[in-house]
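A quick note: this is a predicted structure, and the numbers were derived from the prediction, not measured. In what follows, chains are A, B, ... by sequence order, proteins preceding strands, each numbered from 1.
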Protein chains: 2
Amino acid sequence: MPAAPAARRLGRGLRGALAGALPARPRLPQGRWAAAAEGRAAPFSTLTLQDLPTAVLDCEYAVRGAVSRRAEELGAELGKLAAGERGPDEEGLLFDQIVPCNIGNPQAVGQQPLEFHRQVLACLTDPTLADREDLYPADVRERARRYLNGITGGAVGAYSHSQGHAVFRRDVAAFLAQRDGVDTSFEDVFLTDGASAAVKMVLSLLIRGGEDGVLLPIPQYPLYSASLSLLGGQSVGYFLDEDAGWGVSVPELERAVSEFRAEGGVPRAIVLINPGNPTGQVLSREVLEQVLAFAEREKLVVIADEVYQDNIHAEDKEFISCRKVAHDIGCTVEVFSLHSASKGLTGECGLRSGMVHCENVSRDVMDQLYKLASVNLCSNVLGQALMASVVTPPPPGGPSRERFEKEKSETREALKRKAKMVTDRLNAMEGITCQAIEGAMYAFPKVVIKGYVMKKAISFATPADQIYCVEMLERTGVITVPGSGFGQRPGYFHFRMTILPDEATLEKVLDAIERFHGEHPGGWFK
Amino acid sequence: MPAAPAARRLGRGLRGALAGALPARPRLPQGRWAAAAEGRAAPFSTLTLQDLPTAVLDCEYAVRGAVSRRAEELGAELGKLAAGERGPDEEGLLFDQIVPCNIGNPQAVGQQPLEFHRQVLACLTDPTLADREDLYPADVRERARRYLNGITGGAVGAYSHSQGHAVFRRDVAAFLAQRDGVDTSFEDVFLTDGASAAVKMVLSLLIRGGEDGVLLPIPQYPLYSASLSLLGGQSVGYFLDEDAGWGVSVPELERAVSEFRAEGGVPRAIVLINPGNPTGQVLSREVLEQVLAFAEREKLVVIADEVYQDNIHAEDKEFISCRKVAHDIGCTVEVFSLHSASKGLTGECGLRSGMVHCENVSRDVMDQLYKLASVNLCSNVLGQALMASVVTPPPPGGPSRERFEKEKSETREALKRKAKMVTDRLNAMEGITCQAIEGAMYAFPKVVIKGYVMKKAISFATPADQIYCVEMLERTGVITVPGSGFGQRPGYFHFRMTILPDEATLEKVLDAIERFHGEHPGGWFK
């Protein structure tokens, strides 16, 4: 088995380059690998790294990249330490807890699920529970029965319509109609295994070849660039203006499009992430109007990633959907709007529950989208039910409503406090600047990196913020994501951290970051 | 809005061609469509059928194709009839019930879920249920607690490891080790949103460009050809020998590979579906050995689609996994083995629970597969739990075991009887020949088509078995899938029907098919 080609991997950026800096994951040799480990030559190589598609090799996904992998290893070490299985010659660990601030995964850091939805799902899973008056409140059982009656035979274990069961899509359409003040047909809704699956489905409608590109904000959520890479299309970055609170400006959009066209590219769509991930800004009606007018001028489809629409922390901001604005100004550009049960105040990431609404999309194209959905048969039916339930609160005055409101408001208020606390404390650290976290679940501070970290970055040909985040992890146990994984202006460095841990833990996380960052330009970091 | 280009659509085959023969789905005009409906010109067309990627347009997925769509329309008509909403001038329907025999979707036609697994899932959804001794048996609660303890914070609503939670993968690995008598690492298992997602992930590792191809049985399950089309790769058919019970022969594999190579193609993998879908044959150890030796000679990865491994109906046949045979003969070719909770005796299609095990796959390539999985974050956690539970029966002697065995054996025995009944009755019809249904869930009879149907097929440039299946649906309410959707030798016609409806319904279905087929060469069919 030939060694991995180091030069090629280094050339490929973060992942490959850092792989050299970190110990390989231990794995048991087996099959051909057992042969190689024993010094026997493998008889042939059907599937080697060299044979894989460039699109796969080039795809980067920093949210689960090198820092996250190093955290897995450290977690295993911590486990061995706790079990007394660590040898005396092994290096000590500098922390006693790993805090995952890398992924917007609320329940992994203690957020409790909303009880109402979980009780409804339990009834769908075991329909006998919907009949037990002693177990669940009447509004839970009523909701569950309505959903079960809407599914042939009440069978959540049967494949649904490829867009999702109509009973769930009707609830979603009613929510969208009410939210936007616009008539909404359930036939324009696709329920998907998380919003990620919806993104991939829509992008695969758009990319015909290597000349096609999609405008992405920089910084962006890397699902977009990763999916475009896999589809063989291009990511066309438009920079958000950090100093203007990560604002979107039309001249910058025009620069991005005209440069891309000048290189022979064909722009197909623009992605708007509102509220921003990782940047936390909430877009105003005026900005949305300008972007829609731009999209119409340039004949671009709009992908409106609005999965954080229920996470607004700034008192003077409100969420307005791109689709509502399109409707209000009579814009006929196609708008694909994403929503999810993974974020908001629900945080049910693991249940893979998402959706896309299609506005102004022609029937022919909808038919093709349906065909794409049908190749995977359907999304998971409990996730479909959850999406419907999340946008349909328990009825006012019913037995569940008060507790439901209390659970939501506690989470909402805590997030508001945490958004402010994280911003304030980060801004109080020398060399760190953090824009206001108006919405979503992340801080994305700019950080000045010098000394040891910068030297190491240069010698490993690795982005300095990746080294910074690995060092932070190894010294504090706090997992963050390097800004380079989201994209940033050359010469600037950031990291993304969630604001999701409970307030006491978050204080400790910020203490640890402050200590780490304070030591970084001086002391042993020099 | 320009009309759809009829010539191009006809040229594209089944879907396009049949679209002309069937009334369009009614949809409310809106946005740009409202404008078009009112005779106003749409201002521009960002996303028209003409602009879509060829890969998307060319992708065919017959299981949810034209027949299935026509069934949706007829279902709506039936609903209107029941509600008294059908006008006196509308044509009457020739049946009073639609029976879906098109999709292997057991719970849609009345199969009950296995209670044990559903109770475990209910406890994961609402963990307070795991503490209620009055509700569920001790072995259910114990299983649920073990799973909850294996997940950080017991939170099924949190994203898991991108391969799936280790606690679930360990159960799957233990099952595979026991089934195959081969040590199995949980690190080689990926839990996925149904086996379909696993297929797409593995294929996307293989296809680098238009010259790459994958050997597929003809007839095949069209997920493979559809996914290859979307990835821009080629389907390379090898014919199964119908008269030899849909046998796989190495000379035919060699013909397929050498012809493909002669055209400049690069074969990358071979798909084996065992038990066969749609063909129902069970492959012997000898055949598997021959195919593995062929794959090794030709440097092909093996994709072993074994989702029907628990559906063996023939008394003299047993399921042997491809991976076990590879291990036994020391074959070092990569084997990706698929399994699912959707089929077998569980039939939980709607919960999207599948897996792939990777044998002999190098670490570098595993890392890339992990990266692909991580772009989608993770599969749905309840589906992961179900996959683990399905391969881990409740403990012998425990309170759930007896009922569990009874439920499974009733389904198993009924399927055996139905496999025999469907084969016998189809073979008794003149012009229909059906091979023994040794395994899986389908009959795939060969049918002689003449007269009216053949004339209509020629005038609509549509495969005759598609017209046959649409006519059967319109006259009997029975939904089947045309053989052309799976591939077949030129000049022969088939249809696929499931054997899943209960025995009384299945008798009626066969009566209806017999009547329909008997009328077809004579009477009004002339």
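Counting heavy-atom pairs closer than 4.5 Å to chain B, the top residue among A:Ala226, A:Ser379, A:Gly330, A:Ala341 is A:Ser379. In terms of heavy-atom pairs under 4.5 Å with chain B, the best-connected choice from A:His327, A:Arg268, A:Gln119 is A:Arg268. Considering only heavy-atom pairs separated by less than 4.5 Å from chain B, the leading option among A:Leu205, A:Asn380, A:Leu386 is A:Asn380. The residue among A:Val375, A:Leu206, A:Leu351, A:Val365 with the most heavy atom pairs within less than 4.5 Å of chain B is A:Val375. Most heavy-atom pairs under 4.5 Å with chain A: of the set B:Ile151, B:Leu382, B:Thr346, B:Leu129, this distinction falls to B:Leu129. In terms of non-hydrogen atom pairs under 4.5 Å with chain A, the most contact-rich of B:Gly194, B:Gly104, B:Pro53 is B:Pro53.
Between the A:Gln368 side chain and the B:Leu52 main chain, no donor and acceptor come within less than 3.5 Å of each other. Using modelled atom types, one side-chain atom of A:Lys371 and one backbone atom of B:Val56 make a donor-acceptor pair closer than 3.5 Å. A distance-only check finds no donor-acceptor pair linking the side chain of B:Arg352 to the backbone of A:Asp193 [under 3.5 Å]. Side chain of A:Asp126 to main chain of B:Arg118: no donor-acceptor pair is present (N/O by atom type, distance under 3.5 Å, no hydrogens or angles).
Of the two parts of A:Tyr136, only the side chain, counted from C-beta on, holds a non-hydrogen atom closer than 4.5 Å to a non-hydrogen atom of chain B. With a 4.5 Å cut-off on non-hydrogen atoms, A:Leu230 touches chain B through its side chain but not through its backbone. With a threshold of 4.5 angstrom between heavy atoms, B:Ile207 approaches chain A through N, CA, C or O but not through any side-chain atom. Using a 4.5 Å cut-off between heavy atoms, B:Ala55 does not touch chain A at all. With a threshold of 4.5 angstrom between heavy atoms, B:Ser342 approaches chain A through side-chain atoms but not through N, CA, C or O.
One finds the CG atom of A:Leu49 at 8.5 Å from the CG atom of B:Asp367 (value rounded to the nearest 0.5 Å). Within the model, atoms OG1 of A:Thr48 and CD of B:Glu334 stand 9.0 Å from one another, a figure rounded to the nearest 0.5 Å.
Taking 4.5 Å as the limit, some side-chain heavy atom of B:Ser196 sits within range of a side-chain heavy atom of A:Leu377. Side-chain atoms of B:Arg208 and A:Leu57, non-hydrogen and from C-beta on, never get closer than 4.5 Å to each other. Contact check for A:Gln107 versus B:Val156: no side-chain heavy atoms found under the 4.5 Å cut-off.
The heavy-atom pair separating A:Tyr159 from B:Asn105 by the smallest distance is N-OD1, 2.8 Å. Across all their heavy atoms, B:Cys349 and A:Ala158 have their closest contact at CB-C, 4.4 Å.
With salt bridges taken as basic N to acidic carboxylate O contacts below 4.0 Å, none links B:Asp51 and A:Lys299.
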